[in-house]
K.L.:
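Sharing a structure below in structure tokens format, with a few things to ask.
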Amino acid sequence: MKNNNKEIAKIFNEISGFLAMDKVPFKPFAYEKAAVVLASLNEDVSQIYQQGGIKALEELPGVGESMAKKIVEYLKTGKIKYYQGLKKMTPINLAEISEVEGLGPKKTKILYEKLGIRNLKELESAAKKGKIAPLFGFGEKTEKNILEGIAFTKRAKGRFLLGEIFPMVREIEERLASLGEVEKISVAGSIRRKKETIGDVDFLVVTKAPEKVMDFFVSLPGVVKVWGKGKTKSSVRLEEGFDVDLRVVPPKSYGAALQYFTGSKEHNIATRKIAIFKNLKLSEYGLFTKGNKIIAGRNEEEVYQALEMDWIPPELRENQGEIEAALKHQLPHLVEQKEIKGDLHCHSDWDGGGNTISEMAEKAVSLGYQYLGISDHTKFLRIENGLGEEELAGQRKEIEKINKRFQDANLDFQLLQGCEANILKDGSFDIKDSALAKLDYVIGGIHSSLKMAQKEMTERMIKAMKNPVLKIISHPSGRILKKRDEYEVDFEKILRAAKEFKVILEINSSPVRLDLNDKKIKIAKERGVKMAINTDAHSREQLELMEFGLYQARRGWAEKKDILNCEGIKDLRKSLK
DNA sequence: GCCGTTTTCGGCCCGACTGTTTTCAGTCG
């Protein structure tokens with residue numbers, strides 16, 4: 001269960017920060033790059049090491065002799081001496097402080113040297129006392145930004161990203177399901193509803209051997225604490241910091257319990273009201289008549305059916321109209337994974353991504369896609385090695401070459417060439433429109449000047465949308481979960497412009513973005529604005545993140561017809577024209 | 001510290017933007 005890749009990536013990121021503090025040239029970038037590679041790896045480094053030794057580690061892009069040694073040291077001892085030495089010299093909780101938007105290594109170091117600030121708590125106290133503004137290089141605004149950043153970090157605390165937790169939940173579910181004694185199992189709660197952030201995890205099982213199942217549960221790998229262990233309920237904490245509950249329920253109540261523990265609370269209250277109206281009583285034990293005779297409970301379908309409702313997909317259970325729709329048998333047919341025909345936003349090694357165009361394409365083929373749009377950054381984002389006019393032309397040739405290969409192999413798959421151009425402060429792009437017009441499509445994204453006032457930001461986006469080369473707006477609200485709020489923009493105006501100028505809004509699948517979010521997706525759908533679910537993958541593994549964008553789309557009531565990349569290649573090409 | 005259709009050494013890490021130190025360092029993507 002322990003995730004070596006993430007742990008080492010975290011340490012490398014901190015090393016990068018410590019080195020940046022001392023203005024060490026180039027090394028910070030090298031460590032950062034390696035951290036990104038490690039974090040996006042599918043296979044655990046311990047496996048790579050076991051199979052291929054230190055040589056195999058050095059094969060990883062961005063990892064050389066020195067870092068490979070450090071990885072081995074970590075695998076063998078759980079520590080990296082070099083890192084501990086740096087931390088000793090400057091005992092700052094860098095990971096914690098860097099969470100605050102606007103604070104980097106240099107400023108953090110000054111704060112430590114002048115005010116002795118080592119962590120978030122000390123930072124907040126100093127900012128509140130007004131000690132930061134008078135420092136050389138700081139000021140009123142910086143202090144205010146720091147306080148706002150801390151407040152934001154705090155609000156998000158205690159909740160985990162769906163994308164962080166989901167793989168672990170799947171693993172636990174598989175382990176439990178593999179026990180012969182477990183007859184039925186499901187995860188419930190906000191995970192089943194696919195909420196973007198999760199408080200804790202609930203599992204329900206049906207079993208004839210509860211003791212054995214509970215014993216197995218509390219000794220799962222990764223369990224660091226057992227809060228309680230009983231016949232019907234046990235709770236544990238995993239080393240990642242979140243709690244998991246396991247409940248054993250009788251078969252005749254399984255559906256009612258699943259319905260109850262899936263929530264949301266608001267959905268349950270509304271459902272119970274329907275039961276009361278029908279002179280029935282709904283609880284986690286079942287649906288009962290006034291005479292306490294059980295009439296449903298074995299599965300969810302029969303519970304909803306007995307209430308004369310259609311079964312409601314968990315993603316919709318937020319009491320946002322799904323109850324009424326289920327009563328009228330008018331629930332939407334939510335978009336499904338198998339309806340996704342391709343991905344229109346991913347990055348190749350041309351702009352610093354982890355894999356070549358060929359490798360990305362092969363992965364897309366293995367996912368069953370008909371097409372993949374390569375959309376590398378344009379020149380402004382040089383750190384990501386953004387492409388200029390000539391490079392785009394060169395990339396075009398490369399893509400045509402690869403497409404030829406697929407064609408010769410008689411494969412029903414095509415690469416498209418797009419790009420992710422930057423919408424600058426004035427609403428223009430960072431690259432000539434004439435170069436953009438040569439591509440199959442253009443994605444526009446905001447990556448700078450995020451703190452503009454609402455009116456200016458709205459005008460900036462609409463100006464970009466009016467540009468006929470623009471087809472898709474990437475991550476339209478700009479939030480980073482647990483880190484940064486959305487930028488200020490008049491969303492209704494954006495929707496009107498999207499409709500008028502036929503611009504597609506992206507549903508970005510990255511677990512830290514999920515942008516548009518569920519609420520905005522629902523409004524966009526109601527306004528008749530089309531969307532595209534994209535991964536924004538920077539490596540081939542990240543193409544698998546599509547499921548998280550899909551969940552968000554489903555939470556926003558999106559159907560196949562609302563999603564651009566549910567179109568087959570022919571229709572898509574027409575739509576992109 | 002990594003990497004090599006410029007290379008085993010000498011490049012790499014750019015541009016927009018912000019806030020603040022009135023000319024530029026730090027941050028972000």
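Because the structure is predicted, anything quoted here is derived from the model rather than measured. Every chain is numbered from 1, with letters handed out A, B, ... down the list of sequences.
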K.L.:
Can you tell me the distance, in whole Å, between the CG atom of A:L450 and the P atom of B:dG19?
P.N.:
11 Å

K.L.:
For B:dC17 and B:dG11, measure between their C1' atoms and round to the nearest Å.
P.N.:
28 Å

K.L.:
Apply side-chain hydrogen bond (donor to acceptor under 3.5 Å, both in side chains) to A:D562 and list each qualifying residue two or more places apart in sequence or on a separate chain.
P.N.:
A:K525

K.L.:
State, without any angle test, whether A:R405 and A:S358 hold a side-chain donor-acceptor pair at a distance under 3.5 Å.
P.N.:
yes

K.L.:
Go nucleotide by nucleotide along DNA chain B from the 5' end; which of A:I480 and A:E65 gets its closest nucleotide reached first?
P.N.:
A:E65

K.L.:
Using atom C1' of each nucleotide, how far apart are B:dT8 and B:dG1 to the nearest Å?
P.N.:
14 Å

K.L.:
Report the distance from atom CZ of A:R479 to atom C1' of B:dC28, rounded to the nearest whole Å.
P.N.:
20 Å

K.L.:
Distance check: side-chain N/O of A:K107 vs OP1/OP2 of B:dA25, anything under 4.0 Å?
P.N.:
no

K.L.:
Rounded to whole Å, please give me the gap between CZ in A:F29 and C1' in B:dG1.
P.N.:
11 Å

K.L.:
When you check the gap from the basic side-chain N to the acidic O, do A:E486 and A:K520 get nearer than 4.0 Å?
P.N.:
yes

K.L.:
Quick one: label A:F138 by what it contacts on the DNA or RNA (base, sugar-phosphate, nothing), any heavy atom closer than 4.0 Å.
P.N.:
base

K.L.:
Return the orientation label for the A:H377 and A:H447 ring planes: parallel under 30°, perpendicular over 60°, tilted otherwise.
P.N.:
perpendicular

K.L.:
Rounding to a whole Å, what distance do you find between A:E59:CD and B:dC3:C1'?
P.N.:
13 Å

K.L.:
In whole Å, I'd like the distance from the CD1 atom of A:I71 to the P atom of B:dG1.
P.N.:
13 Å

K.L.:
With respect to the side chain of A:K106, which nucleotide from B:dG19, B:dC13, B:dT27 is positioned closest?
P.N.:
B:dT27

K.L.:
Quick check for you: among B:dC17, B:dC2, B:dT27, whose closest atom lies nearest to any side-chain atom of A:A30?
P.N.:
B:dC2

K.L.:
With rounding to whole Å, what would you report as the distance between B:dT20 and B:dG26 at their P atoms?
P.N.:
14 Å

K.L.:
Heavy-atom nearest nucleotide on DNA chain B for A:R460 versus A:P134: which residue maps closer to 5'?
P.N.:
A:R460

K.L.:
Assess whether a salt bridge exists between A:E65 and A:K69, defined as any Lys/Arg side-chain N lying under 4.0 Å from an Asp/Glu carboxylate O.
P.N.:
yes

K.L.:
The side chain of A:K425 lies closest to which of these nucleotides: B:dC28, B:dT18, B:dG26?
P.N.:
B:dT18

K.L.:
Among B:dG19, B:dC2, B:dC17, which nucleotide has an atom closest to any side-chain atom of A:N145?
P.N.:
B:dG19

K.L.:
Taking atom C1' in both B:dC13 and B:dC28, what distance in whole Å separates the two?
P.N.:
13 Å

K.L.:
Consider the side chain of A:S448, meaning its heavy atoms from C-beta on, and name the nucleotide among B:dC13, B:dC17, B:dT27 that approaches it most closely.
P.N.:
B:dC17

K.L.:
Does B:dC3 have OP1 or OP2 sitting under 4.0 Å from an N or O in the side chain of A:K33?
P.N.:
no

K.L.:
For A:F26 and B:dC12, say yes or no: do the ring centres fall under 5.5 Å of each other while the ring planes differ by less than 30°?
P.N.:
yes

K.L.:
Between A:T142 and B:dT18, is there a contact of a side-chain N or O with OP1 or OP2 at under 4.0 Å?
P.N.:
no

K.L.:
Can you tell which of B:dT18, B:dC2, B:dG19 lies closest to the side chain of A:K141?
P.N.:
B:dG19

K.L.:
B:dC17 pairs with which nucleotide, Watson-Crick or G-U wobble, both distances below 3.5 Å?
P.N.:
B:dG26

K.L.:
Tell me what A:K70 touches on the nucleic acid: a base, only sugar-phosphate, or nothing, going by heavy atoms under 4.0 Å.
P.N.:
sugar-phosphate

K.L.:
Restricting to ring pair (Phe, Tyr, Trp, His ring centres under 6.0 Å), what partner residues turn up for A:Y83, sequence neighbours left out?
P.N.:
none

K.L.:
Would you kindly give the CG-to-C1' distance between A:L60 and B:dG1, to the nearest whole Å?
P.N.:
15 Å

K.L.:
Answer yes or no: is there an ion pair linking A:K109 with A:E113, defined by an N-O contact shorter than 4.0 Å?
P.N.:
yes

K.L.:
Is the shortest side-chain N/O distance from A:K144 to OP1 or OP2 of B:dG19 below 4.0 Å?
P.N.:
no

K.L.:
Would you mind reading off the distance between A:I446 atom CD1 and B:dA16 atom P, rounded to a whole angstrom?
P.N.:
16 Å

K.L.:
Please state the C1' separation for the pair B:dC9 and B:dC14 - nearest whole angstrom.
P.N.:
23 Å

K.L.:
In whole angstrom, what separates A:K69's NZ from B:dC2's P?
P.N.:
10 Å

